[in-house]
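Since the structure is predicted, the reported quantities are computational estimates derived from the model, not experimental observations.
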Amino acid sequence: MMQVETKELNKWKQYTITNEEGMSVSFLNYGGIITEIRTPDRDGRIENIVLGFKDYAEYEKNPDYFGALIGRVAGRIQNATFESNGEQHKLDKNEGEHQLHGGTNGFNQVIWDGQPFESQTAAGVKLSHNSPEGEGGYPGNIEVEVTYTLNNDNQFIIDYAATTDKTTAIALTNHSYFNLSGDLKDTVHNHFLTINSERFVELDKELIPTGNSIDVQDSPFDFREGRLLSDGLNDQTNQNKIVGNGYDHYFIFGNRNENNVVVVEENSGRVLTIQTDLPGMVMYTSNTLDTGIELAEGTSKPYLGVCFETQGSPASLNHKGFPGVLLKAGETYKKQTIFTFDAEN
């Protein structure tokens, strides 16, 4: 039988879902923040594979968004403005003239209502939040539900759903930093990735999309046949350098019916497969992560984790030709991302 354990903390609740294979996922009702994902390596050793603070009080600041649910819109919105139905909406600015990850009071700082559920084959928690009109500067009241589910196939599933009473922008994601070496034994340089993507979104010096998408061919952004992350972390290509030597770019997924992302860490044998109905993802390789933050398994440094932020593209609010993020009244936003964990011999 799958189970969900609820632990009362000082201000928040922590939920831990455990399956019959020994895998577990722990997260807070504050920000929907995933604090641990524990999975077995090829020898059956169960270790944590995401970055999290040693002191949970640090999640109140959490400038790097460790493990957090991001909304209303994940990513950067140019000049913190967008237009819908002929009306200009001015949003909170929290990164220079722009908005990042929903602004100063994004979903990462919300105490969500949690409803645990259990069955023979799966267990999880449904997190819900009503975001009033004007929160972060956004139009429309929206009702949001995010469901975290773990099953006995070592699949961790995130289901996103939302409705609004007025056209608004929404692009939800989770900002977990993965490190498949286990308990932070190594950086992510030797993570071998395959990404079903032929194009990525070009960024300017402020990390704002230029409106151009670039063919990955003959570049460190071509992961179609698989490559090490170190290829881009060590490359001097302008787009790698502009984000602090690495990746912080939106990859547009191909239309083929296959896995969107496969990650292999050779030393542990761990394999992460990502499948989603979302049109793309931002991959961020923690290029600018500060050194010396006390984490659960050690201290932070650049390249200690990699984020796979499956989402729509906020570039669509300012440029044509990108996956849209507008939700109209009467429509339902419904998206899913599945993280499957395995280990190869």
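Tested against Asn179, the residues Val306, Asn48, Ile49, Leu304 include a single side-chain contact (heavy atoms from CB on, under 4.5 Å) partner, Leu304. Under the side-chain contact (heavy atoms from CB on, under 4.5 Å) rule, Phe308 has a single partner from Asn260, Val282, Val263, which is Val263.
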Requested in this report: Apply salt bridge (Lys or Arg N to Asp or Glu O under 4.0 Å) to Arg224 and Asp222, showing your working.
Outcome: CA-CA 6 Å; Arg224 290 172 296 181; Asp222 189 354; 2.9 Å; yes
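Side chains of Gln99 and Tyr138: a donor-acceptor N/O pair is present below 3.5 angstrom, by distance only. Side chain to side chain, Glu97 and Asn79 fail the donor-acceptor criterion of an N or O pair below 3.5 Å. Inspection of the Thr276 and Thr337 side chains reveals an N or O donor paired with an N or O acceptor under 3.5 Å. When only modelled atom types and interatomic distance are considered, Asn174 and Ser176 share a side-chain donor-acceptor pair under 3.5 Å. No hydrogens or angles considered: a donor-acceptor pair under 3.5 Å links the side chains of Asn19 and Asn154. Side chain to side chain, Thr340 and Gln155 meet the donor-acceptor criterion of an N or O pair below 3.5 Å.
Within the 3.5 Å criterion, the main-chain N or O of Glu47 finds no donor-acceptor partner in the side chain of Asp183. Ser230 places no side-chain N or O within donor-acceptor distance of the main-chain N or O of Asn190, the cut-off being under 3.5 Å. No donor-acceptor pair under 3.5 Å is formed between the side chain of Thr237 and the backbone N or O of Gln239. With hydrogens and angles ignored, the 3.5 Å screen pairs no side-chain donor or acceptor of Tyr250 with any backbone N or O of Ser213.
How far NZ of Lys93 is from OG1 of Thr104: 12.5 Å, rounded to the nearest 0.5 Å. Taken from CE in Met23 to CD1 in Ile37, the straight-line distance is 6.0 Å, to the nearest 0.5 Å. Here the CD atom belonging to Glu297 is positioned 9.5 Å from the OG atom belonging to Ser181, to the nearest 0.5 angstrom. Atom-to-atom distance recorded for Leu69:CG and Phe107:CZ is 9.0 Å, nearest 0.5 angstrom. One distance of note links CG of Asp277 with NZ of Lys335; it measures 6.0 Å at 0.5 Å rounding. Atom-to-atom distance recorded for Leu127:CG and Thr147:OG1 is 7.5 Å, nearest 0.5 angstrom.
For Phe156 and Phe27, the distance between ring centers is not under 6.0 angstrom. Taking the ring centroids of Tyr59 and Tyr30, they lie at or beyond the 6.0 Å cut-off.
Nearest heavy atoms, Ala162 versus Ile170: CB-CD1, 3.6 Å. For the residue pair Asn267 and Arg42, the shortest heavy atom distance occurs at O-NH1, 2.8 Å. Contact record, Lys166 with Ala329: N-CB, 3.8 Å, taken as the closest heavy-atom pair. Here the closest non-hydrogen pair linking Leu150 and Met2 is O-CE, 2.9 Å. Between Leu326 and Leu317, the shortest heavy-atom contact is CD2-CD2, 3.9 Å. Annotation for Asn240 and Pro220: closest pair OD1-CG, 3.5 Å, computed over non-hydrogen atoms.
Phe341 and Val262 end up in different hydrophobic clusters when Ile, Leu, Val, Met, Phe, Trp and Tyr side chains are linked at under 4.5 Å. Tyr284 and Tyr247 end up in different hydrophobic clusters when Ile, Leu, Val, Met, Phe, Trp and Tyr side chains are linked at under 4.5 Å. Cluster membership for Val201 and Phe221, using ILVMFWY side-chain heavy atoms within less than 4.5 angstrom, is not shared. Taken together through direct or relayed side-chain contacts under 4.5 Å among Ile, Leu, Val, Met, Phe, Trp and Tyr, Leu289 and Met283 form parts of separate hydrophobic clusters. Hydrophobic cluster membership is shared by Ile70 and Leu100, with clusters built from Ile, Leu, Val, Met, Phe, Trp and Tyr side chains linked at under 4.5 angstrom.
The local environment of CD in Glu331 is crowded, with over 12 non-hydrogen atoms from other residues, nucleotides or ligands closer than 6.0 Å.
Classification of Arg76 and Asp204 as a salt-bridged pair fails, no side-chain N sitting under 4.0 Å from a carboxylate O.
Taking the six-membered ring for Trp and thresholds of 30 and 60 degrees, Tyr65 and His175 have ring planes inclined between 30 and 60 degrees apart.
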